[in-house]
Amino acid sequence: GTAALIWNEIIREKVTNFIMNQSKEQRILNFVLQNAVRGDPCSVVDAIDKYCSQKEWAMNVGNEKGLILDKTVEEANPSVALELGTYCGYSAVRISRLLKAGARLLTVEFNPEFAAIAKQMIEFAGVQDKVKLLEGPSEEIIPQLKKKYEVDTLDFVFLDHWKDRYTPDTILLQECNLLRKGSVLLADNVIFPGAPDFLNYVRKSPHFQCTNYPSHLEYMEVEDAMEKAVFLG
């Protein structure tokens, strides 16, 4: 798995970027703009999956784990959701298409280039009324959620950013009183690349009830899993 990632993420991508004079993320967006239906979030998700499974690997949650994400969102039925790690906007589009009327998703992206791509992706999918993209480090944005973004508590949180931020950001969500009894956290890539500190923290904490969903790394046969942690208060 690691060798395949190094090949896809570093060697192949850098060569292609140099030849085409654009980033992989821009190529994904261009493919969507040319092949998906404007205003149809399912079409956008399908187009990204097609590109990333057939042309260039990318770190979206992907369709296999996407079905776990869908089921968890539907069960949580959130009014206010938070995503940490927007990347190209794949999961933001995927989550937002399931939100009830009046619900909103706040999605946090540290990389300005990714944020610019995601903004276009979200608008093309027609879900910009449900999604607010917040640009910056999660550890700075989380403490601002209550006052600046008028969040009382979060019903659903999707962790899909830097794996070493999973635990400190979960603790930060607790310290900022952003979780209520029943708030659902879903963490991606807990096996590959892996988030052992996070698994250790939530599984040993009396404040969380955990469920593990074995799966595979997006667009690969590499073993991975998602971890659901329900906040017990």
Side-chain angles (χ1 to χ4, degrees), residues 1 5 8-10 13 23-25 28 45 48 52 57-62 65-66 68-69 72-73 76 78 80-96 104-119 121-122 131-145 148-149 151 154-176 178-179 183-202 208 210 213 215 217-219 222 224-229 231:
L5 277 192
N8 282 296
E9 283 284 88
I10 300 171
E13 185 178 331
S23 69
K24 174 175 68 178
E25 293 72 31
I28 293 170
V45 165
I48 298 173
C52 296
W57 184 90
M59 55 180 179
N60 312 302
V61 68
K65 287 185 293 183
I68 300 166
L69 174 61
T72 309
V73 171
V80 185
L82 174 69
E83 175 184 40
L84 300 175
T86 315
Y87 189 43
C88 290
Y90 174 94
S91 46
V93 171
R94 188 156 194 141
I95 292 166
S96 61
R104 60 181 174 141
L105 168 68
L106 302 165
T107 182
V108 179
E109 178 52 57
F110 175 73
N111 184 317
E113 291 174 20
F114 295 168
I117 296 284
K119 191 169 186 292
M121 197 77 79
I122 288 161
V131 182
K132 187 169 187 66
L133 180 59
L134 310 177
E135 201 176 312
S138 53
E139 62 267 34
E140 289 180 16
I141 290 174
I142 288 169
Q144 300 176 344
L145 289 175
K148 193 171 180 181
Y149 301 105
V151 173
L154 297 160
D155 305 307
F156 175 75
V157 181
F158 183 44
L159 297 96
D160 196 18
H161 56 331
W162 298 106
K163 309 313 157 200
D164 61 359
R165 288 298 319 166
Y166 280 19
T167 306
D169 283 348
T170 298
I171 293 167
L172 198 52
L173 289 168
Q174 291 174 262
E175 289 174 345
C176 294
L178 285 158
L179 302 181
S183 291
V184 176
L185 276 62
L186 184 68
D188 191 18
N189 302 122
V190 296
I191 300 299
F192 194 94
D197 291 351
F198 173 78
L199 292 181
N200 188 51
Y201 175 73
V202 290
F208 290 99
C210 297
Y213 297 100
S215 187
L217 183 67
E218 45 272 21
Y219 319 116
V222 178
D224 194 11
M226 302 179 96
E227 187 86 358
K228 181 172 82 169
F231 189 63

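No experiment lies behind these values; they were computed from the predicted model shown.
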- [ ] Rounded to the nearest 0.5 Å, what's the gap from CE on M226 to CG on D188? Could you check?
- [x]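 Rounded to the nearest 0.5 Å, the CE-CG separation comes to 4.5 Å.
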
TODO: To the nearest 0.5 Å, tell me how far L105 CG sits from I122 CD1.
DONE: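 So the CG of L105 and the CD1 of I122 are separated by 7.5 Å.
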
Of all residues at least two apart in sequence or in a different chain, which pass the side chain to side chain donor-acceptor pair (under 3.5 Å) check with [X]?
X: E139; result: none
X: R165; result: D169
X: D155; result: R180
X: T72; result: none

Open item on the list: Using a 3.5 Å distance criterion without hydrogens, assess whether the side chain of K148 forms a donor-acceptor pair with backbone atoms of I141.
Closed with: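 Not confirmed, K148 side chain does not pair with I141 backbone.
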
TODO: Using modelled atom types only, decide if a donor and an acceptor are shared between the side chain of T86 and the backbone of V108 within a distance under 3.5 Å.
DONE: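 Such a contact is found between T86 side chain and V108 backbone.
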
Task: Counterpart residues, salt bridge (charged side-chain N to carboxylate O under 4.0 Å, His left out), relative to E218 (two or more places apart) - done: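 Testing E218 for salt bridge (charged side-chain N to carboxylate O under 4.0 Å, His left out), a comparison that skips the adjacent residues, returns K65.
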
- [ ] Please identify each residue that fulfils salt bridge (charged side-chain N to carboxylate O under 4.0 Å, His left out) with E83, with sequence neighbours left out.
- [x]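 Result, salt bridge (charged side-chain N to carboxylate O under 4.0 Å, His left out) vs E83: none returned.
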
Taking ring-ring contact (aromatic ring centres under 6.0 Å, His included) as the test, write out the residues that go with [X], two or more places apart.
X: F231; result: F208
X: Y201; result: none
X: F114; result: Y87
X: F198; result: Y166

- [ ] Kindly give the heavy-atom pair with the smallest separation between D224 and I191, and that separation in Å.
- [x]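 Reported closest heavy-atom pair: OD1-N, 3.2 Å.
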
Task: Partners meeting side-chain contact (heavy atoms from CB on, under 4.5 Å) with K119 (sequence neighbours left out) - done: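 Checked K119 against side-chain contact (heavy atoms from CB on, under 4.5 Å); matches are E123, L133.
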
- [ ] Name all pairs fulfilling the salt bridge (Lys or Arg N to Asp or Glu O under 4.0 Å) condition that reach into residues 84-94, sequence neighbours left out, sorted by first residue then second.
- [x]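 Only D70-R94 qualify under salt bridge (Lys or Arg N to Asp or Glu O under 4.0 Å).
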
